[in-house]
Visitor: 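Sharing a structure below in structure tokens format, with a few things to ask.
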Amino acid sequence: VSDVVPPQVAEPSGPDAAAGPELQRARPRKLHRAAIVSEALGQLREAIFPVVLGVFVTSGLPSPDELLSFGSLAVLVALVVSVLSGWLQWDRTLYRVDATGIQLRRGVIRVNQTWLPAERVQAVDVVRGPVQRLFGVVELHVQSAGGGRKAEVVLRALSREAAAEVRALLGGASAATTGTPDPVRTVPSRRIRRRDVLLAGATSGSVGIAVPAGAALLQVVDNLPWARLRRSDEVDPSVLPTSVGALVLIAAAVLLVVWLIGVVGAVIAFSGFTVTRDGDRLRIRRGLLERREASVPVGRVHAVRIVEGVLRQPFGLAQVRVETAGYAGEAAAARTLYPLLRRRDVPAFLHELLPELEDRLDDLTGPPRRALRRYVLPPLLVAAVPAVAVAALLVPLGLALGVAVVAAAGAWGALRYGSAGWALRDGRIVLRGRRLARTTVVAVAGQLEERQLRQNPFTRRAGLATFVVALGSRTRTEVAHLELDTARALLAMTRPR
Amino acid sequence: VATLLPVPFLAGRLLPDRLDDAVPYLWGAWLLLLVLQVGVVPELLWRRWRYAVRADEIDIRRGAFTVTRTIVPMRRVQHVDTEQGPIQSSIGDVATIAFHTAAGRNEIPHLRTSEAARVRDRILELTKAPDEL
């Protein structure tokens with residue numbers, strides 16, 4: 001009988017337990033059991049729609065009784081299946097992390113292994129959904145530079161200690177969770193006040209979307225056959241609005257509701273918004289229901305974007321966003337760095353948290369005077385076509401409307417001219433422009449993804465050109481109709497060193 | 001231009017009768033645009049296309065009426081593709097070089113296959129040069 005060597009069980013290796021120069025392979029570990037619940041809920045959410053659809057397709061429109069019995073059966077089956085599959089998923093999910101990287105193995109039938117080397121880890125984000133909060137655990141998203149929309153490695157549920165270890169090993173740790181925080185060193189940090197969260201919601205511009213919607217609604221309401229409705233017996237006449245005043249009131253109420261939804265959305269997204277500069281990382285914590293924590297390496301921040309929305313600019317308010325290169329997720333890869341700030345406080349804010357891209361934001365050079373009409377005329381002409389058509393159709397009212405539209409288009413062009421400007425100083429490029437919101441971009445001059453010079457036949461004859469830069473998130477920023485020489489100089493001076 | 005097709009069509013349906021006279025002109029304008037788009041624009045586009053692959057950047061100038069010059073630093077290029085569709089391989093044996101940066105895709109279209117391969121290899125070689133530090 002030969003000796004059976006028992007499998008070696010490696011000692012749990014914390015960050016301090018690294019024995020040799022070669023870090024020993026860490027032992028594979030399971031997630032916290034809360035992952036079962038999290039997985040099961042995810043499965044349920046995915047199953048609901050097909051199940052409901054299936055019920056209706058197979059049995060037509062069931063009677064209430066059928067629906068109840070069949071429905072409760074379906075719910076029971078779905079519950080059992082999802083809990084079972086959640087347990088299986090949890091049971092077959094293993095991760096292993098050390099200083100060289102993180103490895104995740106998951107999948108019940110088709111096994112899926114992901115290996116993410118530590119040097120490719122771009123950020124370790126902490127997400128705390130309702131389930132995670134209930135169990136006092138966290139969800140970790142390990143993001144790499146290349147990836148698509150989703151994080152490459154998602155660890156559904158980890159105890160706080162396990163999460164802290166992963167973050168310590170992969171470089172996403174905050175000063176609070178690793179080592180001994182230096183009591184003297186104060187980390188620059190800003191936390192939003194509740195009042196500002198409300199203000200951010202109130203000025204978020206979701207009302208802007210509501211205005212045309214409200215107008216359309218008003219149109220529909222206006223076209224309802226009121227007289228017939230009033231005469232018919234099926235509609236209780238007391239619910240019908242009786243005057244134009246009542247209609248306006250309804251419209252105002254709709255607007256108010258949409259506006260309130262905007263405020264609630266901001267409260268959910270931005271409550272407790274905190275941004276911290278911790279060495280070479282920016283940490284952003286936010287969220288009311290789901291606490292999200294993201295960490296962005298400063299080296300990946302290629303630009304800051306200061307956005308003054310239509311409703312914010314009159315009050316001197318702005319939002320600050322960062323553009324990170326190749327960051328997975330977040331459609332525009334543009335993250336909110338701070339939801340609401342006085343514009344004149346932005347330079348101080350950047351000085352404190354992101355001095356790499358600090359700029360006074362003013363003293364910009366605008367396009368030449370002779371470019372003004374090139375800003376005003378095109379929107380004016382574009383607006384004139386439908387305006388003339390409307391004016392021809394509805395002579396008295398349409399004429400006024402047409403004139404108003406054309407004037408607004410012209411004014412918009414003039415505003416764009418007034419907003420446009422650039423500066424090149426201390427290795428930074430500052431560009432300002434406007435679509436609806438006035439936007440100022442500060443970027444490292446030598447780090448632009450693309451630069452463009454654009455001319456149409458008219459500006460070519462006039463010796464003007466538009467200068468365009470592309471930043472990491474597939475957004476382009478331009479200053480239109482500069483002197484050709486200026487644009488050429490910008491093109492040359494933004495060359496990578 | 002194809003997206004403009006509904007304009008004269010809808011105008012014919014929706015405009016009140018007294019404006020019916022205008023509809024043939026709209027169709028005429030649409031046809032003129034179509035002829036321009038098919039007969040003139042491709043020729044202009046082809047004639048104005050310029051590209052240069054330098055050691056530190058790729059320089060592209062393109063456009064029929066609005067001419068855009070795009071400069072992409074070599075160190076920002078993430079990967080390079082060669083693409084050849086069925087039309088490209090049957091007519092003239094040409095291929096398109098597409099290179100990607102974090103800001104999106106740029107292309108040098110319809111190069112002879114041999115030249116496309118050369119350009120691709122050159123870009124690849126130049127992007128391999130140590131970047132970032």
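From a predicted model like this one, the values you see are computed outputs, not experimental measurements. Letters go in sequence order (proteins before strands), and every chain restarts at 1.
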Visitor: Of the backbone (N, CA, C, O) and the side chain (C-beta and beyond), which part of A:P457 lies under 4.5 Å from a heavy atom of chain B, both, or neither?
Guide: both
Visitor: If you count every heavy atom of other residues, nucleotides or ligands that lies below 6.0 Å from B:R112 atom CZ, does the total exceed 12?
Guide: no
Visitor: Determine whether more than 12 heavy atoms belonging to other residues, nucleotides or ligands lie under 6.0 Å from atom CZ of A:R488.
Guide: no
Visitor: Quick one, B:M74 and A:P496 - any side-chain contact, counting heavy atoms below 4.5 Å?
Guide: no
Visitor: Starting at CZ of A:R451, measure out to CD of B:E57 and round the result to the nearest 0.5 Å.
Guide: 6.0 Å
Visitor: State plainly whether the residues A:E450 and B:R76 are in salt-bridge range, i.e. N to O under 4.0 Å.
Guide: no
Visitor: Check this for me: B:W46, atom CH2, are more than 12 non-hydrogen atoms of other residues, nucleotides or ligands nearer than 6.0 Å?
Guide: no
Visitor: Please round to the nearest 0.5 Å and tell me the distance separating atom CG of B:N106 and atom CD of A:Q452.
Guide: 7.5 Å
Visitor: Can you tell me which portion of A:L491 sits under 4.5 Å from chain B's heavy atoms? Options are side chain, backbone, both or neither.
Guide: side chain
Visitor: For the CD1 atom of B:I71 and the CZ atom of A:R495, what is their distance to the nearest 0.5 Å?
Guide: 7.5 Å
Visitor: Would you indicate whether A:R373, at its atom CZ, is surrounded by more than 12 heavy atoms from other residues, nucleotides or ligands within a distance under 6.0 Å?
Guide: no
Visitor: Please check if the number of heavy atoms outside A:R425 that lie under 6.0 Å from its CZ is greater than 12.
Guide: yes
Visitor: Taking atom CZ of A:R460 and atom OG1 of B:T66, what is their separation to the nearest 0.5 Å?
Guide: 8.0 Å
